[in-house]
Amino acid sequence: MEYNFLRIEEKWQKFWMQNKVYKTEIDESKPKYYVLDMFPYPSGAGLHVGHPLGYIASDIYSRYKRLTGFNVLHPMGYDAFGLPAEQYAVETGQHPELTTEKNIERYREQLDKLGFSFDWDREVKTCSPEYYKWTQWAFIRMFDSYYCNDAQRARPIAELIEVFEAEGSLRVNAACTETLRFAAGEWKSKSERERQEILMNYRIAYLADTMVNWCPQLGTVLANDEVVNGLSERGGYPVEQRRMRQWCLRVSAYAQRLLDGLEAIDWTESLKETQRNWIGRSEGAEIRFDIVADSRGGGSKKDGFIRVFTTRADTIFGVTFMVLAPESDYVAQLVTPDRRAEVDAYLESTKRRTERERIADRRVSGVFTGGYAVNPFSGKKVPVWISDYVLAGYGTGAIMAVPAHDARDYVFARHFGLPVIPLVEGCDVSEESFDAKEGVMINSGFLDGLTVPEAIRRAKEYVRENGLGEIKVNYRLRDAIFSRQRYWGEPFPIYYKDGMPYPVAEKDLPVELPEVDKFLPTESGEPPLGRAKNWVYSPESDTTAYPLELNTMPGFAGSSAYYLRYMDPHNSEALVSAEASKYWRSVDLYVGGTEHATGHLIYSRFWNKFLCDSGLTEEDEPFRKLVNQGMIQGRSNFVYRINGTNTFVSRGLKDGYKTTELHADVNIVNNDILDIKQFRTRKPEYETAEFILEDGEYRCGYGVEKMSKSLYNVVNPDDIVVTYGADTLRLYEMFLGPLEQSKPWDTKGIDGVHRFLRKFWRLFHDEEGFYVSDEPAGKDELKILHKTIKKVRGDIESFSFNTSVSAFMICVNELGALKCNRRAVLQPLTVLISPFAPHIAEELWHLLGNRTSVVKASFPEYDESLLVEDSFDCPVSFNGKTRFKLPIPLDASEDDIKAAVLADPQTQRIMKGKEAKKIIAVKGKIVNVVF
RNA sequence: GCCUCGGUGGUGGAAUAGGUAGACACGCAGGACUUAAAAUCCUGUGGACAGCGAUGUUCAUGCGGGUUCGAUUCCCGCCCGAGGUACCA
């Protein structure tokens, strides 16, 4: 009987669905295990063979865990809000909900063909109101919370109000935008609006005027991780800096916890490192430089000093000037009247440059303010400049410049002819700065003679002891900008009263996305929600219709807590019930791509920590172990058209001609040989094409590129499933190489895996049909089986699925050679392979006479005693080089082994009568003779 | 620039505690079955040299050193590739 994979796969997919074989419930009698895939954004292009790679791996692991006695939660859903659907809507007028729904259907169809063991009853879609109700709910919790630095956790904002009422803000140590100082009496005398403004300074979800990444083409602001090299991640449009009032999340309050949390989780070192870089902790000192009074500009109103942050307090004696960011508040204090015109011109010119231009064009620019400040260590007066190489958003937006020991300051100093004072003995600063933290200090007063690390420590102590500033830790991580001027996203549960935002009552959630006539901004420049009719809210006992927020939430809002919702997806009372949260706790294994390292994976960890502070989640970290699957790239094929003709020349002959390289659809190329007949049908102009062949064939060139429609290298999983079956596709994707590694898809190797499945099938069949023998298994057969069980168990635990597939192939080849058809061997082997190739396993499992699904079986154990040999083919080496193998009894002593080796005629031939100087015998491993 | 991970046959890749380098598969070559093709099965397959031959010799895991009886594996210094990050003070 033939292996009819199409019939088998259809049959069992139907069976699994109808019987809800993969439905999961809380079961206290079993240990839980939570396996999660990063849910996909359902794009219009559908899945290509690269997408399911991670899903296959996680499915294998889930099935394995189930077979080893775990209650496995393995859900799937859709990250359904997003820009492409909205842009498509703008172009076509179709509601994004419709296109999204259509795409989801298509995704589901494709996924269903691959035999995944998802519990589809738990499906979530971020765009459904039942789901985003809880995104909105979490946002309100953040709005109603502040971060207490003493307790290192979020607390209700009501507690903060109590403190303000009792004693004012002086003893409050909370994460905030600006440190405010007021007494209880002052608080009490403030108006409602003033109080709300003060509280906004502390809320974890807060509204603030900040510098944001504004993308004019997209008409929206973007978070830092959505900007790559000054261009928008989506679309690649220029991004500029703008000051706007936006919702933000106080992620920076969690910087240290996000950093510390990395220690305890099982992620790859490189991913942790990426996050550490992104968080960017640096230890240093914040030092005050007094502004020289008579140089002060007219606009001086407050402090009279400039704060700077530095990690190199030791270099303070080398400060020859200071620099302010153009957007810095200090600018107004320092500009002298005679410099005003020039400074204004400079500020104007920097404002016009986009971030991209600043990066691309690093020419030195700057302007002197006319003002001076005093070095608190040396008492020396230094000029204060403005330049766009200092960033407003990091540290204090002002720096002390030490040109001798900082490359950027050096370039600036040389350009404007400012002095450079070397501070390290023997360093040469004639050509470039000396940035290394090594050497012995000079020209540095009381720091002279200390090494650099000693000097850093000493200088920081001096700052603290003399009240010149404070020792401080700075983070690069900024608060997340949480507003988007878009339609297709979660609406904010916020309304405005007297210009101040208030949260919608919990009972009125979700605030559903309203209908609009067009998905574009309004004529007055408001976001698309400005077009909605009746977009207002009336809180209880107030009949006034207050306007609702016009912005929507960004893409990462919906993906930040979806793993919690899967635990209890239909709960209308809570994001997740206490019972479900206590049982499932957190994700044990998370599989997905690295591209989310500084986006989703930071936001999710932040979101989870916030919910954990409120007692809603059990674990501080959401994803205990994370595996990054590599990208499957496309393998493109090329044809070479001779310039100015319609003649195509084969790869091997193309060097004789001037040709243009064109993509050929990989689906009409086999082993790099072009199907000319099909090629002619692809484009009208190809119909009459001529070909210069080699050996009667047209050979294509190839290259590895991203898998994309426009490059004609997309391979569709549906096509593979039809020709080879889902089990073959699953095995082949795993066989392709290590999971974490990126690799090009090349269909030609798939035959080997398909052949293996047919051989496997044949073990259970003779000419008549299904036949297995009930005779006891032979020793050799059991040994093959148990060797494979041991190998596959180890491989799955370490995610080395590629070598498991090899182990299966070896096993089936060896059993085939023995003509093994014993049930005692084939039954456990069926269970063993079922995580990888579930359809064929299920079919064989039933043919073997089992009534239940193979999912309910137990993963086979191996018997070590069967694997032990009584003798061992010991490799014998001479001077480290292995020459032959000698069977040696395992119980032989080392002396016996040495004697046996020396007595062997082959040894005598190789040594040609020479004396052995030394013999090393490692039992069970090797013998090495040195002569 | 800094950080992380890699570099093994014609190709994808094995070698999961320093111990037979190249498992398994693709491709290729030869053979069997077949009127033929497909499918299937068998054999060979890192390079060089020697031999009719079984076989033997020798070189090989990016390059150069080191530790070791023995290094793809550990250490030092380079080269190359991929990814992350970058006026972050």
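When reading the values below, keep in mind they use all heavy atoms of this one structure, side chains included, and skip hydrogens, waters and symmetry mates. Just so it is clear: chains get the letters A, B, ... in the order the sequence lines come, proteins before strands, and each one is counted from 1.
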(message) How many whole angstroms separate atom CG of A:N277 from atom P of B:C3?
(response) 10 Å
(message) Are the side chains of A:F289 and A:F305 in contact, using a 4.5 Å heavy-atom criterion?
(response) no
(message) Classify A:S877 by what it touches in the nucleic acid, base, sugar-phosphate, or nothing, heavy-atom distance under 4.0 Å.
(response) nothing
(request) Tell me what A:K748 touches on the nucleic acid: a base, only sugar-phosphate, or nothing, going by heavy atoms under 4.0 Å. (result) sugar-phosphate
(request) Using a 4.0 Å heavy-atom cut-off across all strands, classify A:R276 as base, sugar-phosphate, or nothing. (result) nothing
(message) Need one value for A:R478: base, sugar-phosphate or nothing, where a base atom within 4.0 Å counts as base even if backbone is also close, heavy atoms only.
(response) base
(message) Base, sugar-phosphate or nothing for A:S800? Non-hydrogen atoms, less than 4.0 Å.
(response) nothing
(message) By the 4.0 Å heavy-atom rule, please label A:E273 as base, sugar-phosphate, or nothing.
(response) sugar-phosphate
(message) For A:Y3 and A:W761, take the angle between the two ring planes, folded into 0 to 90°, and tell me which bin it lands in: parallel under 30, tilted 30 to 60, perpendicular over 60.
(response) tilted
(request) Respond yes when some side-chain nitrogen or oxygen of A:R762 is under 4.0 Å from OP1 or OP2 of B:U40, and no when none is. (result) no
(request) Tell me what A:T598 touches on the nucleic acid: a base, only sugar-phosphate, or nothing, going by heavy atoms under 4.0 Å. (result) sugar-phosphate
(request) Looking at every strand, decide which applies to A:P738 at a 4.0 Å heavy-atom threshold: base, sugar-phosphate, or nothing. (result) sugar-phosphate
(request) Quick one: label A:N813 by what it contacts on the DNA or RNA (base, sugar-phosphate, nothing), any heavy atom closer than 4.0 Å. (result) sugar-phosphate
(request) Check the distance between B:C24's C1' and A:F760's CZ and give it to me in whole angstrom. (result) 17 Å
(request) Give one of base, sugar-phosphate or nothing for A:S806, where a contact means two heavy atoms less than 4.0 Å apart. (result) base
(request) Anything under 30° is parallel, anything over 60° is perpendicular, the rest tilted; go ahead and classify A:Y732 against A:W745. (result) perpendicular
(request) Could you check whether A:I399 gets within reach of a base, just the sugar-phosphate, or nothing at all, counting any heavy atom under 4.0 Å? (result) base
(request) Find out whether the Lys NZ or Arg CZ of A:R478 is both under 6.0 angstrom from the six-membered ring centre of A:W278 and within 45° of the ring's axis. (result) no
(request) Could you go through the ring pair (Phe, Tyr, Trp, His ring centres under 6.0 Å) check for A:Y61 and A:F799 one step at a time? (result) CA-CA 8 Å; A:Y61 201 76; A:F799 297 88; 4.8 Å; yes
(request) Using a heavy-atom cut-off of under 4.0 Å over every strand shown, decide if A:D746 touches base, sugar-phosphate, or nothing. (result) nothing
(request) Please determine if a side-chain N or O atom of A:Q741 lies less than 4.0 Å away from the OP1 or OP2 oxygen of B:G6. (result) no
